[in-house]
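Just so it is clear, the structure is predicted and the values come from calculations on it, not from any experiment. Every chain is numbered from 1 and lettered A, B, ... according to where its sequence line falls, protein lines coming before strand lines.
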Amino acid sequence: MDTLKLTLPDGSEKQVTAGTTGLDIAMSISPRLADAAVAVVIDGKQWDLKRALPGSGAFRILTAKDAESLEIVRHSSAHLMAQAIVQLFPGTKLAIGPVIENGFYYDIDSPHKFTPDDFAAIEAKMTELAGQKLSIDRTDIKRLEAIEKWGVQAEPYKVEMMQEWTDETVSYYTQGDFFDLCRGPHVPHTGFLKFVKLLSVAGAYWRGDEKRPMLQRIYATAFHDKKALEAHVTALEEAKKRDHRVIGRKLELFHLQDDMPGMVFWHPQGWALYRALQTYVREKIEAAGYVEVNTPSVASKVLWEKSGHWDKYQDNMFVTESEKRIYAIKPMNCPGHIQIFNQGLRSYRELPLRMAEFGSCVRNEPSGTLHGIMRVRAFVQDDAHIFCTPEQIGQEVADFCKLLKEMYADFGFNEVIVKFSTRPEKRVGTDESWDRVEKALADACEFAGLVTELNPGEGAFYGPKLEFTLKDCLGRHWQCGTIQVDPNLPERLGAQYVGEDGARHTPIMLHRAILGSLERFIGILIENYAGAFPVWLSPVQATILPVSEKFLDAARATASALRKAGLRVTVDEQNQKLGYKIREAEGQRLPFILVVGEKEAASGTVSVRQRGAGDLGAKTIGEFVEFVAGEVAAKR
RNA sequence: GCCCAGUUAGCUCAGUGGUAGAGCACUCCCUUGGUAAGGGAGAGGUCCCGGGUUCGAGUCCCGGACUGGGCUCCA
């Protein structure tokens, strides 16, 4: 009889006969371990507890203590949710139910229209099924038999998937009278699935294809224990409190209105923040050798035809007409920048030419995609186009990446993910040119020492791109920066320079943005800081509170002195007690609150209260200005 | 654009076919204050828009707009 050789985590070796299961081994160690075991890992592969081990190798038993066991619990929870839904709502057809970050979902097709009101009943049914500790068992079956077993009528989605597979056998898992096609592994019984919460219901196209049927997707999450589940729910509530739309209103940063969807009205406070951000970007790019320009918002159809936008991007453009000529509002700044490049004869000596613009763009985005100020129709990009030679791409991409990381770090974003997107189906330019440019960008990444994830087919219609995703303090991902290599547009719009050889050449154009859109980036900042902006960005850096109306003039004089020193300050002129005004200013999450009363007015000082630190005592105006300058310089 | 759900005072939200409500904010008056809510009075509504059912619609039905959660798309 065959024996398997297992290496346990402590390094010891164990010989077992073929056919032994993980559960057998757990049991031989201790019955308590056997009870707690979720699954095992054999030779790096997760494996059902009750399934005969497939071979020799490193062996581990997964319990709730192992992070990877949570995925298995969630995967099994998806099955349990499906079981509950099918029992409660007969006629429901199942599509897919994968594990995702922080939970899982199941896509279903049902005559019942699910709403959050159904969640309690589904959760109750799941709890009931979990309480029954139904054994979860795997069965292998010939794929063609499985197609019969499921049947096109009953489960068209499962059948469609199986028809596309090429494996000879597939597997399914049974719990009670429910079974579901699945690769596994799963927990041994439903008793592991007691801490589940349904979160939301949403539409989702079958296989993500907008031409296929719309299914109902139920999002949910599951944990090993009640405490972890509750902590997650609390975290979701915290994230909700950071919603930029809620904070934006509370801090009077901006508003949106129904009759002009996707357009932001910046209020004085929000605009101060916007300008602080813009000033920062300006300083950074000027130091990095960029020149700033500004180009018209509306351009003739003729230009968009030449650039290719009319063909490839028309659906997203607002088009208008005047005196029988057709115009479109610019959705991008690149054609405009080439118009500036094309004025006069350019020399290779001018390259690389880094042309920046806070480019105001308008894109007619589908209504369903709009979201607060994160996704709007009118926005400003911290855009720039670098005109360079093919040889300069590597250095320019490397310099750009350095600048980007430096700037993200100033906001406390230290983790950046880079994606490499290659040629899409809808594109301009020859395959040879795409080959060349994709290689140039790949080489540039290597030169810059970037680790990239490949994103095939996701490039812009004119060229391949890198996309930079930052992680905020809640661990959420935001794609912001991008750099795109474009040999096509300069060619189409006739950009040329005179080379060292005296001949005319077409430059390469690098489209690049670091923050992406200022609107979106501010949305991210609001949520990242929960409205408590660092002093250097804060719309109001300090507010001055007179102890009573008698000291209003002294407060105003202080404000005027601080404004002269370049600080953004306000005076709280409300006829209220000090405690009330402090409470309100704290609610606005301002970095500094300055109290001016009899003592301060007489000595030319302010009593400083710093956000998070409390009362710092009295400082002269000069001392305070210096203190703030230090905080600003440190980007605190 | 697609699926589902929402839309009531400036904001957050109650209101199951019969006289539109609360808290906060706002205005005025009193109070003139020392580190997270002083007191009183008042004003504020096309119940998203348009149709329909009904003696009667914020409430039920249909259509539309917008918002939200997602999907597709995307900065």
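Atom pair A:Q588:CD and B:A37:P shows a separation of 16 Å (rounding to whole Å applied). Distance A:K577 NZ to B:A37 P: 10 Å, rounded to the nearest Å. Going from atom CD of A:E598 over to atom P of B:U35 covers 15 Å, rounded to whole Å. In this structure, A:I582 atom CD1 and B:U35 atom P are separated by 7 Å, rounded to whole Å. Between the CZ atom of A:R611 and the C1' atom of B:A36 there is a distance of 16 Å, given to the nearest Å.
Of the P atoms belonging to B:G18 and B:C2, the separation is 36 Å, rounded to the nearest Å. Rounded to the nearest Å, the gap between the C1' atom of B:G68 and that of B:C28 is 39 Å. B:C29 and B:A43: their C1' atoms are spaced 14 Å apart (whole Å). Look at the P atom in both B:C47 and B:G21: the space between them is 14 Å, to the nearest Å. Taking atom C1' on both nucleotides, B:U31 is separated from B:A37 by 15 Å, rounded to a whole Å. Taking the P atom of each, B:G52 and B:G45 are spaced 27 Å apart, rounded to whole Å. Nucleotides B:A25 and B:G69 have their C1' atoms positioned 29 Å apart, rounded to a whole Å. Taking atom C1' on both nucleotides, B:G33 is separated from B:G39 by 14 Å, rounded to a whole Å.
Counting only N and O atoms by type, the side chains of A:T543 and A:T570 include a donor and acceptor under 3.5 Å apart. At a cut-off of 3.5 Å, with distance as the only test, no side-chain donor of A:T469 or A:E467 sits close to an acceptor on the other residue. Side-chain contact annotation: A:R282 with A:Y280, donor-acceptor N/O pair under 3.5 Å absent.
A:F114 has its ring centre less than 6.0 Å from the ring centre of A:H112. A centroid separation of less than 6.0 Å is found between the aromatic rings of A:F400 and A:F468. Ring centroid separation for the pair A:F411 and A:F521 comes in under the 6.0 Å cut-off. Checked against the 6.0 Å centroid criterion, the rings of A:Y462 and A:H511 qualify as a close aromatic pair.
For the pair A:K619 and A:F627, the cation-pi test (distance below 6.0 Å, angle within 45°) is passed. A cation-pi geometry, defined here as NZ or CZ lying under 6.0 Å from the six-membered ring centre and within 45° of its normal, does not hold between A:R74 and A:F104.
Between A:R249 and B:G10, a side-chain N or O to OP1/OP2 separation shorter than 4.0 Å is absent. Put simply, A:K250 has no side-chain N or O that comes within less than 4.0 Å of OP1 or OP2 on B:C11.
A:E600 comes within contact range of at least one nucleobase, with a heavy-atom separation under 4.0 Å. No engagement by A:Q216 is indicated, since no non-hydrogen atom pair under 4.0 Å with the nucleic acid exists. Contacts of A:K599 with the nucleic acid, taken as non-hydrogen atoms under 4.0 Å apart, include base atoms. Using a 4.0 Å heavy-atom cutoff across all strands shown, A:Y105 reaches no nucleic acid atom at all. Within the nucleic acid shown, A:K113 comes within 4.0 Å of sugar-phosphate atoms alone, with no base atom in reach, counting heavy atoms only.
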Under 4.0 Å protein heavy-atom contacts per nucleotide of nucleotides 62-75 of chain B, with B for base, S for backbone only and - for none: ----SSSBBBBBBB
Its contact letters, B for base, S for sugar-phosphate only and - for none at protein heavy atoms under 4.0 Å, make nucleotides 39-47 of chain B read ---------
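As the counterpart of B:G6, B:C66 is assigned, both hydrogen-bonding distances of the Watson-Crick or G-U wobble pattern falling under 3.5 Å. Checking B:A75 for Watson-Crick or G-U wobble geometry (two distances, each under 3.5 Å) identifies no partner in any strand. As the counterpart of B:U32, no nucleotide is assigned, since no Watson-Crick or G-U wobble pattern has both distances under 3.5 Å. Both distances falling under 3.5 Å, in either a Watson-Crick or a G-U wobble arrangement, occur for no nucleotide opposite B:U59. Pair assignment for B:C26: B:G42, on the basis of Watson-Crick or G-U wobble contacts that are both within less than 3.5 Å. With both pairing distances under 3.5 Å, B:U19 is matched to nothing as a Watson-Crick or G-U wobble pair.
Taken from CG in A:L454 to OG1 in A:T452, the straight-line distance is 7.0 Å, to the nearest 0.5 Å. From A:I522, atom CD1 reaches atom OG of A:S517 across 8.5 Å, with rounding to the nearest 0.5 Å. With values rounded to the nearest 0.5 angstrom, A:L403 atom CG is found 10.0 Å from A:R354 atom CZ. Rounding to the nearest 0.5 Å gives a distance of 10.5 Å between CZ of A:R583 and CD of A:E586.
Classification of the A:H244-A:F254 ring pair by plane angle, with boundaries at 30° and 60°, yields tilted.
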Which pairs, protein N/O on one side and nucleotides 24-31 of chain B N/O on the other, fall under 3.5 Å?
residue, atom, partner, partner atom, Å
B:A25, OP1, A:Y580, OH, 3.1
B:U31, O4, A:N575, ND2, 2.3

